There are 2 protein chains.
Amino acid sequence: MVVTGTTRRVDKHRAILDAALDVFARQGYADTNLDEVAEVAGVAKPTIYNHFGDKAGLFAAVVETSSQDANARVADVIAATSTNPEDLRAELETLARSLVHCLQGGAGSATMRLQLVEGARFPELISRVRDGNRDRTLDLLAGKLAQLAATGHLRLRDPGRAARQLMALVSDEPLVNSGFGARPVDPAVVDRAVTEGVDTFLAAFAPEPAPES
Amino acid sequence: MVVTGTTRRVDKHRAILDAALDVFARQGYADTNLDEVAEVAGVAKPTIYNHFGDKAGLFAAVVETSSQDANARVADVIAATSTNPEDLRAELETLARSLVHCLQGGAGSATMRLQLVEGARFPELISRVRDGNRDRTLDLLAGKLAQLAATGHLRLRDPGRAARQLMALVSDEPLVNSGFGARPVDPAVVDRAVTEGVDTFLAAFAPEPAPES
DNA sequence: TTAATTTTGAACTCACGAGTACAACGAGCG
DNA sequence: CGCTCGTTGTACTCGTGAGTTCAAAATTAA
């Protein structure tokens with residue numbers, strides 16, 4: 001077995017990032033002390049300083065890394081959506097449910113909470129990362145919706161607007177219900193928001209009147 | 001001129017609450033020190049302790065008071081909406097714009113930010129106040145929408161759902177654009193979200209096909 | 001195997017802010 | 001006017017956490 005030269009160092013680097021994401025998201029930047037991050041990561045505190053410089057440096061790295069990860073997950077979900085589905089409603093519900101879980105459940109929840117809560121403390125970093133994430137997500141989603149329009153499944157004049165509104169309809173209620181990330185997302189709430197949100201979306205944007213509305 | 005016995009004390013009490021709302025909202029609970037609140041309020045620090053006990057007590061009072069104020073403003077806006085408007089679209093746009101400004105602009109912005117950011121630190125207080133506010137707002141709005149349905153302007157099977165979705169459509173974009181309260185709300189963004197959101201709402205819930213969609 | 005690099009545990013310094021104390025002053029009331 | 005209560009400016013204590021130090025140990029590289 002061949003172990004590459006920096007494998008172990010990468011392990012610790014990643015372990016610190018993972019631990020920090022968890023602790024920062026739960027407690028916020030101010031209430032997070034690096035003794036605790038070190039303990040969760042299984043390293044010594046000076047090791048964190050060796051890798052990341054200082055607390056703010058660690059935070060910035062966590063935000064960047066976790067947001068890139070979230071981006072990749074979202075892109076996968078949108079790419080996996082068919083542009084010629086047999087059941088459009090079901091396809092959109094699956095897409096929407098997956099998006100909400102990517103953004104608000106599991107690792108996405110921690111990422112979202114950092115972006116949401118610490119915008120005042122790190123305005124440039126958070127704006128750049130969060131707005132970049134959102135723009136990218138909406139672009140990809142708008143692209144997919146435009147394809148659905150091209151194949152006659154939807155009637156859109158502005159795919160960007162449709163993307164924004166679909167996101168709003170399906171994500172607002174779960175977000176509020178979770179206390180903006182302070183509580184775990186309730187899958188039942190997501191399901192309801194998705195079902196109702198897609199229903200309203202189709203009532204507004206489907207070519208023919210939606211069967212239910 | 002007759003001055004009531006506790007006028008001065010009420011003045012200071014209110015001055016402390018106002019100052020604290022401003023500072024807590026800008027800096028967050030952890031980064032707010034009571035020396036600064038005292039300076040902004042124009043009182044001595046021990047006076048804050050005399051009135052509110054400790055920092056957490058002050059914060060709780062600020063959350064309660066500002067949320068009640070926000071509640072009253074929202075109730076006024078909804079009550080002022082006609083249930084038999086000549087121009088439904090314009091009436092809904094006015095309602096929606098006022099709601100968003102109540103919730104996300106001026107004093108509403110500070111209130112919202114406290115509720116949004118400090119949910120993890122004070123879970124019971126924030127959940128109670130924020131969920132109570134939201135439930136009340138949605139109830140009032142659902143009531144108004146139900147009345148619009150009763151007069152034939154809308155076609156609803158579930159006014160509660162319609163209220164949730166109207167709120168989502170008109171408030172999501174301004175909220176994200178303001179960095180969840182970290183930046184001032186941009187009126188142009190609100191206008192666009194309101195116009196487009198009401199348009200989609202009417203496309204889904206108006207009795208006859210909306211003229212634009 | 002040796003040398004170089006990284007990590008460690010433990011202890012430390014220093015700045016900061018919550019909360020307190022207190023004598024003196026100010027405001028309000030009878 | 002005297003009394004009571006609230007407020008003040010100033011100084012203080014104490015706990016906490018960011019960041020640093022260092023000799024020894026562990027890991028990695030040659």
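The structure displayed is predicted, hence computed values, not measured ones. Chain letters run A, B, ... following the sequence lines, proteins first, then strands; residues in each count from 1.
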Novice: Between P on C/dA18 and CZ on B/Arg121, what's the gap in Å once rounded to a whole number?
Specialist: 11 Å
Novice: Is there a donor N/O on one and an acceptor N/O on the other, under 3.5 Å, for the side chain of B/Lys45 and the base of C/dG19?
Specialist: yes
Novice: Would you say C/dG26 has OP1 or OP2 under 4.0 Å from some side-chain N or O of B/Lys12?
Specialist: no
Novice: Could you state the CG-P distance from A/Asp31 to C/dA18, rounded to the nearest angstrom?
Specialist: 12 Å
Novice: If only side-chain N and O atoms count, and only distance matters, is there a donor-acceptor pair under 3.5 Å linking B/Arg130 with B/Ser67?
Specialist: no
Novice: Measure the distance from CD1 on B/Ile48 to P on C/dA21 and round it to the nearest whole Å.
Specialist: 17 Å
Novice: Using whole Å, what does the distance between atom C1' of nucleotide C/dC16 and atom CG of A/Asn33 come to?
Specialist: 15 Å
Novice: Between the side chains of B/Thr65 and B/Arg14, is a donor N or O closer than 3.5 angstrom to an acceptor N or O?
Specialist: no
Novice: By the 4.0 Å heavy-atom rule, please label B/Asp35 as base, sugar-phosphate, or nothing.
Specialist: nothing
Novice: For DNA chain D, produce a single dot-bracket line, 5' to 3'. Pairs: Watson-Crick or G-U wobble, both distances under 3.5 Å. Symbols: ( ) within strand, [ ] crossing, | other strand, . unpaired.
Specialist: ||||||||||||||||||||||||||||||
Novice: Are any of B/Thr47's side-chain N or O atoms less than 4.0 Å away from OP1 or OP2 of D/dG6?
Specialist: no
Novice: For residues B/Thr32 and B/Arg26, is any side-chain donor paired with an opposing acceptor at under 3.5 Å?
Specialist: no
Novice: Any N/O pairs under 3.5 Å between the protein and nucleotides 22-24 of chain C? List them or say none.
Specialist:
none

Novice: Hydrogens and angles aside, do A/Ser109 and A/Gln104 bring a side-chain donor and acceptor to less than 3.5 Å of each other?
Specialist: no
Novice: Say you draw a straight line from CG of A/Leu58 to CZ of A/Phe24; how long is it, rounded to the nearest 0.5 Å?
Specialist: 4.5 Å
Novice: Could you state the CD-C1' distance from A/Gln27 to D/dG17, rounded to the nearest angstrom?
Specialist: 13 Å
Novice: Applying side-chain contact (heavy atoms from CB on, under 4.5 Å) between A/Leu21 and each of A/Val37, A/Val62, A/Ile16, report the one that passes.
Specialist: A/Val62
Novice: Does either side chain, that of B/Ser82 or that of B/Glu91, offer a donor lying less than 3.5 Å from an acceptor on the other one?
Specialist: no
Novice: Whole angstrom is fine here: how far is it from CD in B/Glu39 over to P in D/dG9?
Specialist: 11 Å
Novice: So what does A/Gly42 touch, heavy atoms closer than 4.0 Å: a base, only the sugar-phosphate, or nothing?
Specialist: sugar-phosphate
Novice: Strictly below 4.0 Å: does A/His51 bring a side-chain N or O up to OP1 or OP2 of C/dT7?
Specialist: yes
Novice: What is the separation between atom NZ on A/Lys55 and atom P on D/dA18, rounded to the nearest whole Å?
Specialist: 4 Å
Novice: Is it true that A/Asp186 and A/Asn177 share a donor-acceptor pair across their side chains at a distance under 3.5 Å?
Specialist: no
Novice: Of B/Asn133, B/Leu141, B/Thr137, which meets side-chain contact (heavy atoms from CB on, under 4.5 Å) against B/Val74?
Specialist: B/Thr137
Novice: Could you state the atom-to-atom distance from OH of B/Tyr49 to P of D/dG9 in whole Å?
Specialist: 16 Å
